[in-house]
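Not measured: the values here are computed from a predicted model. Numbers restart at 1 for each chain; the letters A, B, ... are given by sequence-line order, proteins then strands. Note: hydrogens, waters and symmetry copies are ignored here, and every other heavy atom, side chains too, is used.
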Protein chains: 2
Amino acid sequence: MSDQAPDSPARRKPTSYDVARHAGVSQSAVSRCFKPGASVSKKMRERVMKSVRELGYTPNAIARGLITRRSNMVAVIVSNLHFYPEILSELSARFSERGVHVLLFTLDHESDVSRILDQVWQYQVDGVIAAAHLAAEQVAQFQERGIPLVFYNRSYRDLPVSSVCCDQVEGEHQLVNLLAGNGTHKSFAIIAGPSDSVVSMQRTQGAIDRLQELGVDDITEAAGDYSYSSGRRALQQLIAERGAAPDAVICANDMMAMGVMDELRFHLELDVPGDVSVVGFDGVRAAHWSSFDLATIEQPVESMTEAAVSMLMERIDNDALPPEKRTFSGVLRAGSTVRGA
Amino acid sequence: MSDQAPDSPARRKPTSYDVARHAGVSQSAVSRCFKPGASVSKKMRERVMKSVRELGYTPNAIARGLITRRSNMVAVIVSNLHFYPEILSELSARFSERGVHVLLFTLDHESDVSRILDQVWQYQVDGVIAAAHLAAEQVAQFQERGIPLVFYNRSYRDLPVSSVCCDQVEGEHQLVNLLAGNGTHKSFAIIAGPSDSVVSMQRTQGAIDRLQELGVDDITEAAGDYSYSSGRRALQQLIAERGAAPDAVICANDMMAMGVMDELRFHLELDVPGDVSVVGFDGVRAAHWSSFDLATIEQPVESMTEAAVSMLMERIDNDALPPEKRTFSGVLRAGSTVRGA
DNA sequence: TGCGCTGTTGCATCCTGTTGCAATCCCCTC
DNA sequence: GAGGGGATTGCAACAGGATGCAACAGCGCA
C-alpha cells in the first residue's frame with residue numbers, strides 16, 4: 001500500500017527501535033549493546049548484533065549527545081594566518097584516538113570571533129582549542145558556560161586560562177646568543193609579526209631584551225604579517241629607513257625569514273650569511289630545505305599538541321581542574337644562515 | 001533548599017523552556033523566534049529576546065538537528081600527505097558563509113578509512129567532501145545512505161560520483177609543450193607520486209603521452225610520495241640508474257619539484273635551468289618564492305573549492321540531482337626553471 | 001522445594017527543539 | 001455590536017537514544 005518502495009535508497013535510516021523490533025527485544029537492550037561496560041548477556045548481544053548487521057544500523061551520535069550532554073566534539077579555532085597544517089592534522093589524529101571529533105573554525109578577520117563563538121555554543125562542543133586571539137570577555141564566557149578552553153601557542157599572562165606554549169623568550173635568547181656569539185654582528189634588525197599578535201610581541205621583546213643585555217644598541221624594527229611576502233616588504237622598508245642592510249635580521253617567524261633571505265639574495269644581491277645573517281622561529285618544514293637551511297627555534301609540535309589535547313580532555317572529564325599553563329622549550333637549530341656560527 | 005548555588009558556574013544551560021517560563025509564553029513561541037520566516041509578532045519577539053538576553057540562552061544545534069534531520073555539518077576527509085592548508089581554510093570559510101560547519105577527519109593510513117566512515121555515519125553529517133581515496137564499495141555506501149559526496153581533486157572514471165578536478169592531462173600537456181618548445185631537451189625524467197594515487201597516475205601518463213606524441217623516447221621514471229625529501233631521493237635514484245642527469249625533470253607535484261631543484265643545485269652542483277629544467281604541478285605558495293620560481297600548473301583553487309562547496313550544497317538541498325564531474329583547466333606558470341622558455 | 005542473591009531486561013521518562021493543527025486574537029467592516 | 005479573515009499562539013506529538021528503577025530469571029544452597 002505504501003507508495004515508498006521498500007528498498008528505496010532514500011528510506012529512513014533504521015533506529016534502535018527498528019533493531020529492537022527485528023530482534024524481538026526492547027529498545028533499551030539495543031542501546032545497552034552499544035554502551036561499553038553495560039550489563040548485557042552474551043546471548044542478548046549476539047542476537048542484537050545480528051539484527052544490527054542485517055538492518056545496517058548505526059547509532060545516532062546526535063541523539064546520544066542530546067541525552068548524555070556529551071557531543072564528543074571539540075572545536076578547534078585557528079586564525080588563518082598563522083596556522084601550520086601539521087598542527088591541525090596532529091590535533092585531529094590525537095583527538096581521534098580518544099574518540100573525539102574536531103569541528104573546525106577558521107577566522108579570516110578578528111571581527112569574526114564573536115560570530116564564531118556563537119556557533120561554538122550552539123554546537124554543544126565539549127571543549128575548545130584556540131589557536132587564535134580571544135578578548136578577555138570572550139574568555140570569560142567560556143568560564144560562565146563551563147566549557148574547557150585551552151590556548152595553543154598563546155598565553156594570557158594575567159588571565160587564569162589553560163595554555164600550551166613554546167617558550168618564546170627563551171627561544172629568542174638562544175637565537176640572539178647564537179648571533180652574538182662571535183661579535184661579528186654590530187647592527188640588528190627585528191621584523192615583528194602583526195601588532196595584535198601576543199606571540200610576536202613576546203618574541204621581539206625577548207630578542208630586544210637579550211640584545212640590550214649584551215650591550216647592542218643598533219636595533220631597527222619593522223613589522224610584517226607573518227607571510228613570506230611581508231618579510232620581503234619589511235626588509236625593503238627597513239633598508240630604506242636605515243640606508244643600508246643590517247648585519248643580522250631576527251624574524252618573528254620562519255616564513256618571514258625565508259622572505260627576507262630571498263629578498264637579500266635575489267633582489268639585493270647580498271649573501272646570506274656572508275653579508276647578512278638571518279634567523280626565524282617555528283621550525284617549519286621549508287626552513288629545513290637546502291635552499292634555506294635556516295637558523296631557527298624548532299617548536300616541539302608533537303609534545304605541544306599532545307599536551308594540549310590531554311589537558312583539554314582532562315578538563316572535560318573533570319571540570320574542577322584549575323587552569324594550567326604549560327611551556328615547552330624550543331630547540332635551537334643552527335642551520336647555515338648565521339655568520340660565524 | 002537546593003544545594004546548588006543559584007549562580008554556580010556549572011549550572012545547567014538555560015533551555016527554550018526556561019526562556020518560555022521566564023517570558024510567560026509557550027516553548028514553541030521561543031522556538032519560532034529563532035526560525036527565520038516564522039510567524040511571530042513583533043511584540044512576542046521582543047519579549048522573548050529580552051528573556052533570551054537575560055538568561056543567556058543559546059539554541060541547541062544538536063537538539064535541532066535531531067528533529068530536522070539536518071545537522072548543518074559536513075565532513076571533510078583529507079589524507080595527510082597531499083593536503084594544502086589553503087584548501088582547508090578555503091573550504092571552511094565557504095561552508096561557514098552558508099551556515100554549515102566542518103567536521104574534520106584526517107587519514108594517516110588508508111586502512112583508517114572504514115573506521116572514519118563509521119564515525120561519519122554516526123555524526124549525521126549532511127554531506128561529505130573527500131580529498132582522499134575511497135574504495136568503490138565505500139563510495140556505494142554513500143549512495144545507500146543517501147549522503148551526498150563530492151570528491152576533491154580526484155575522480156573515478158567509471159563510477160557515477162560527483163567530483164571537482166583540475167585537468168591533469170591538459171596541464172601536463174602544457175608543461176611538456178613548454179619544455180619541448182625549443183628542442184633543447186632530449187632526455188626526460190618523470191617523478192611520479194605514490195603508486196596508489198590516481199592523480200599522480202593521470203599526471204605522469206599525461207606527460208608521457210604528450211612526450212611520445214612529440215617523438216621523445218628517452219624517458220626515465222621514478223616515484224616519490226609527494227614530499228620534498230622524496231623528490232630528492234627519487235632524483236638520486238634516477239641518476240644512479242641513468243648514470244647522468246636528464247635534461248628535464250617533470251614532477252607530479254611542486255613539493256617534489258622543489259626537492260629536485262635543491263638536490264640539483266646544492267648537492268649535485270648543477271644549474272637550474274642551465275643544466276636541467278624542472279617543472280611541477282599545483283602552484284603552491286612556495287613555488288612562487290624567488291628561491292624556486294618554479295614552472296608549474298596553477299590549480300584554480302578558489303574556483304575549485306567554490307565549485308565543490310556549491311555542488312555539495314545543491315545535492316544536500318535536492319537529493320535527486322545526479323552526480324556531476326567538473327573539471328577546471330590549470331593555468332601555466334612559466335617561472336624560470338625551464339631552459340629557453 | 002523454597003529462599004535469597006546476582007545479573008539481565010523492560011518500562012517509562014528524559015534530553016531539547018520543531019512543527020502540523022486547531023484555537024484564539026485582533027482589527028476592520030457592515 | 002456581530003461577523004469575517006488573516007495573523008498569532010499554544011498543544012501535543014515527534015526525533016533517536018540513555019538510564020534509574022523495578023521486575024524477573026537463573027542458580028546455589030539449605
Approximate separation, where rounding is to 0.5 Å, of [X] [atom1] and [Y] [atom2]:
X	Y	atom1	atom2	answer
Arg64(B)	Ile62(B)	CZ	CD1	11.0 Å
Ile316(B)	Arg98(B)	CD1	CZ	10.0 Å
Arg45(A)	Phe34(A)	CZ	CZ	9.5 Å

- Note on the structure: Each nucleotide of nucleotides 6-12 of chain C classed B (base within 4.0 Å of a protein heavy atom), S (only sugar-phosphate) or -, in 5' to 3' order, makes --BBBB-
- Query: In dot-bracket form, how is DNA chain D paired, counting a Watson-Crick or G-U wobble pair only if both its distances are under 3.5 Å and using | for bases paired to another strand?
  - Reply: ||||||||||||||||||||||||||||||
Hey, is [X] close enough to [Y] for a salt bridge, meaning N to O under 4.0 Å?
X	Y	answer
Arg70(A)	Asp317(A)	yes
Asp18(B)	Arg21(B)	yes
Lys50(B)	Glu46(B)	no

Whole angstroms only, please: what is the [atom1]-[atom2] distance between [X] and [N]?
X	N	atom1	atom2	answer
Tyr57(B)	dT16(C)	OH	C1'	8 Å
Ile67(A)	dG17(C)	CD1	P	14 Å
Arg64(B)	dG17(C)	CZ	P	8 Å

- Of Arg326(B), Lys325(B), Arg315(B), which is the lone residue that meets side chain to side chain donor-acceptor pair (under 3.5 Å) with Ser162(B)?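 Output: one option passes, namely Arg315(B).
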- Message: Taking any heavy-atom pair under 4.0 Å as a contact, classify Thr68(A): base, sugar-phosphate, or nothing.
- Response: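 Sugar-phosphate, no base atom in range.
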- Task: Looking at every strand, decide which applies to Tyr17(A) at a 4.0 Å heavy-atom threshold: base, sugar-phosphate, or nothing.
- Result: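 Base contact.
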- Task: Considering only heavy atoms of chain A and a distance under 4.0 Å, specify the first and last nucleotide of DNA chain D in 5' to 3' order that meet this criterion.
- Result: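 Nucleotide range with atoms under 4.0 Å of chain A: dG16(D) to dG20(D).
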Less than 6.0 Å separating the ring centroids of [X] and [Y]?
X	Y	answer
Tyr156(B)	His133(B)	yes
Tyr57(A)	Trp121(B)	no
Tyr123(A)	His101(B)	yes

- Query: Would Ser92(A) and Thr106(B) count as having a side-chain donor-acceptor pair, cut-off 3.5 Å?
  - Reply: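 Yes.
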